[in-house]
Number of protein chains: 2
Amino acid sequence: MTPDDRDDATAPEQRVTIWERLDRPGRGPRPTLTHDQIARAGVEIADEQGLDAVSMRRLAERLGVATMALYRYVSSKDDLLELMIDAVSAEIELPPDAGWRDLARSFAHQLRAVGLRHPWLTAAFARVPHALTPNLIARVEDILHSLDGLALDVDAMMAVFGTVNAFVRGATAGEVVQREAARKEGRESEEETKLAHLPYVRWLMGLDRYPTLTRYIIEGSNEDDAQWQFEFGLECVLDGIGTRLGI
Amino acid sequence: MTPDDRDDATAPEQRVTIWERLDRPGRGPRPTLTHDQIARAGVEIADEQGLDAVSMRRLAERLGVATMALYRYVSSKDDLLELMIDAVSAEIELPPDAGWRDLARSFAHQLRAVGLRHPWLTAAFARVPHALTPNLIARVEDILHSLDGLALDVDAMMAVFGTVNAFVRGATAGEVVQREAARKEGRESEEETKLAHLPYVRWLMGLDRYPTLTRYIIEGSNEDDAQWQFEFGLECVLDGIGTRLGI
DNA sequence: ACAGTCGCGTGTACGACGTACGCTGTTTTC
DNA sequence: GAAAACAGCGTACGTCGTACACGCGACTGT
């Protein structure tokens, strides 16, 4: 027998999101920091030294406050990551009055650009439970709005955004993982990275189990590979959506 | 002969991947563990209690060895994550002799299934520098092989895989983030999750800044939403690829 | 004007983490 | 048999997130 139907000690945890608490009325002393400052400082650290370097202690030191002071602004480190995600998400600016296709394309390119400019973003997305921050929600709204009036039901509209979004995140994540690995291991140039992987690649090819992959490594023009692949994939996605929905 | 005739003191750090070290010849005592056992135990812990619960101490305890004994098998925790990724990647089995489209579709569905069955996988991918483990490489080879003989150059072939892979990872990541958040906060049913988000959603809608999004929340049939969206997106991607490459 | 109370900033402390290092004992190779 | 290589282990260090209690400053209601 499991007496689980009255145990609300753990059940209805109504977590209030940080966004709802952002500008609370002032009673007591004036806060010395703003959420914006905190997010910005966190982004700076992450950009310079990677996401692992963003600790509450380091962040507090950079802001000139005690470590625990930060917890007056964020309820946990996850909250901090949400702030940081939202901060860099603000860098995305979409053209007004564009059709859904141009809008989606612009969103895709810019989300990728943000992800590459802030390589920690991918890892942050994977860690944070509630990644729908206001600045991202606003862009969702923009794209949904551009799809309105095309005789689509709302599920289809959301599916369009979801598909583009999924592709961009996956593609960017793939690119970023490699760069971050390079940074962590102290490599600086693309050339150095290729050199570091060389023994492993050689070993793989020597196994003779991956002939087609081997051909790609030998014949492939690894010139601007990632950028080209992204644009190729994106256009495929947009074409596929347009055709399937007749828009 | 000189056992060490390397001249390049400044060369990049030649990290030897764990895969190249897997079955080294035995000198000294017999190992009591295998890499397979370790990976399996790690996967068990992660499945049961989440990726954060996979610590070297806990893993060692489950395996009945001292913590530091594990470092005879993996050189770091990242290595361990690679082993775990490879272990669950083995769950993907593709049909033999299928066309590229069926093969890609099967790969997509199974990779998603693995990601949902092991919700920590997404986070692991984001943490690990070299996520191309043998079992994944083998599937890449399968798909590339199915594209051979269609008059594509190798770059295009790789782009096909890359596009499908990116979409699947992005889509799965999105689904998983929500489930993991629910698990972390102790929620069990989908209903409970919806209830927990209700105040935030209401607050968002009350801002009156996201009318189309609001319509989606109200009108959307959130029934089997994720599964449907995934299949919709996947077919768009496959269609787009097929049309663009004429295959 | 004054008391109450709310909340900001802080210091300390706890339990967990990854892992460097050195030791002991076993197995293989010369 | 001696030497070398290597498995397993215990200890220790530095770091992390954050719970908690304290003191002080600023607003609110009287």
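Just so we're clear, the structure is a prediction, and the values are computed from it rather than from any experiment. Lettering of chains follows the sequences in order, A, B, ..., and the numbering in each one begins at 1.
- Atom pair A/E61:CD and C/dG9:C1' shows a separation of 17 Å (rounding to whole Å applied).
- Nearest to the side chain of A/A69, among C/dT10, D/dA7, C/dC17, sits C/dT10.
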Inset, instruction - Please step through salt bridge (Lys or Arg N to Asp or Glu O under 4.0 Å) for the pair A/R209 and B/E141, ending with a clear verdict. - result: CA-CA 9 Å; A/R209 269 188 304 196; B/E141 170 67 26; over 6 Å; no
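- In this structure, A/D52 atom CG and D/dG14 atom P are separated by 20 Å, rounded to whole Å.
- Side-chain atoms of A/R30 stay outside donor-acceptor range of the base of D/dG25, with no qualifying N/O pair under 3.5 Å.
- Residue A/R57 has its side chain nearest to D/dC16 when only C/dG22, D/dC16, D/dA21 are considered.
- One atom, NE2 of B/H35, and another, C1' of D/dA7, lie 13 Å apart when rounded to the nearest Å.
- Residues A/G170 and B/R169 approach most closely at CA-CB, 4.4 Å, considering heavy atoms.
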List the atom pairs, donor and acceptor, that lie under 3.5 Å between side-chain atoms in residues 110-120 of chain A and the rest of the protein, sequence neighbours left out.
residue, atom, partner, partner atom, Å
A/Q110, OE1, A/E93, N, 2.9
A/Q110, NE2, A/E93, O, 2.5
A/Q110, NE2, A/S106, OG, 3.1
A/R112, NE, A/E175, OE2, 2.8
A/R112, NH1, A/Q227, OE1, 2.8
A/R112, NH2, A/E175, OE1, 3.0
A/R112, NH2, A/E175, OE2, 3.2
A/R112, NH2, A/Q227, OE1, 3.4
A/R117, NE, A/E91, OE1, 3.1
A/R117, NH2, A/E91, OE1, 2.8
A/H118, ND1, A/D47, OD1, 2.8
A/H118, ND1, A/D47, OD2, 3.0
A/H118, NE2, A/E91, OE1, 3.3
A/H118, NE2, A/E91, OE2, 2.8
A/W120, NE1, A/D47, OD1, 2.7

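- Listed nucleotides C/dT19, D/dA7, C/dA16 differ in distance to B/R58; the shortest reach to its side chain belongs to C/dA16.
- Checking C/dC17, C/dT10, D/dG25 against the side-chain heavy atoms of A/P29 singles out D/dG25 as nearest.
- For A/K77, the listed nucleotide lying nearest its side chain is D/dT18; candidates were C/dT10, D/dT18, C/dT19.
- Under a 4.0 Å N-O distance rule, the pair B/K77/B/E82 does not qualify as a salt bridge.
- At whole-Å resolution of the value, CG in B/L33 and C1' in D/dA7 are 10 Å apart.
- Within the 4.0 angstrom heavy-atom criterion, only backbone atoms of the sugar-phosphate kind lie near B/V54; the bases stay farther away.
- Rounded to a whole Å, the CG atom of B/D79 is 14 Å from the P atom of C/dG18.
- Side-chain proximity of A/R72 to the nucleotides C/dC8, D/dT18, D/dC9 is greatest for C/dC8.
- Across C/dC8, D/dT18, C/dG18, the shortest atom-to-atom separation from the side chain of A/M68 is found for D/dT18.
- Taking atom CG of A/L51 as the reference point, atom P of D/dG17 lies 10 Å away to the nearest angstrom.
- With rounding to whole Å, B/L59 atom CG is found 13 Å from C/dT19 atom P.
- The closest side-chain donor-acceptor pair between B/N135 and B/S89, if any, does not fall under 3.5 angstrom.
- Comparing B/D78 and A/T32 along DNA chain C, the residue whose closest nucleotide (by nearest heavy atom) sits nearer the 5' end is A/T32.
- Candidate nucleotides C/dC8, D/dG17, C/dG11 were compared by shortest atom distance to the side chain of A/Y71, and D/dG17 ranks first.
- The distance between atom CG of B/L70 and atom P of C/dG18, rounded to the nearest whole Å, is 10 Å.
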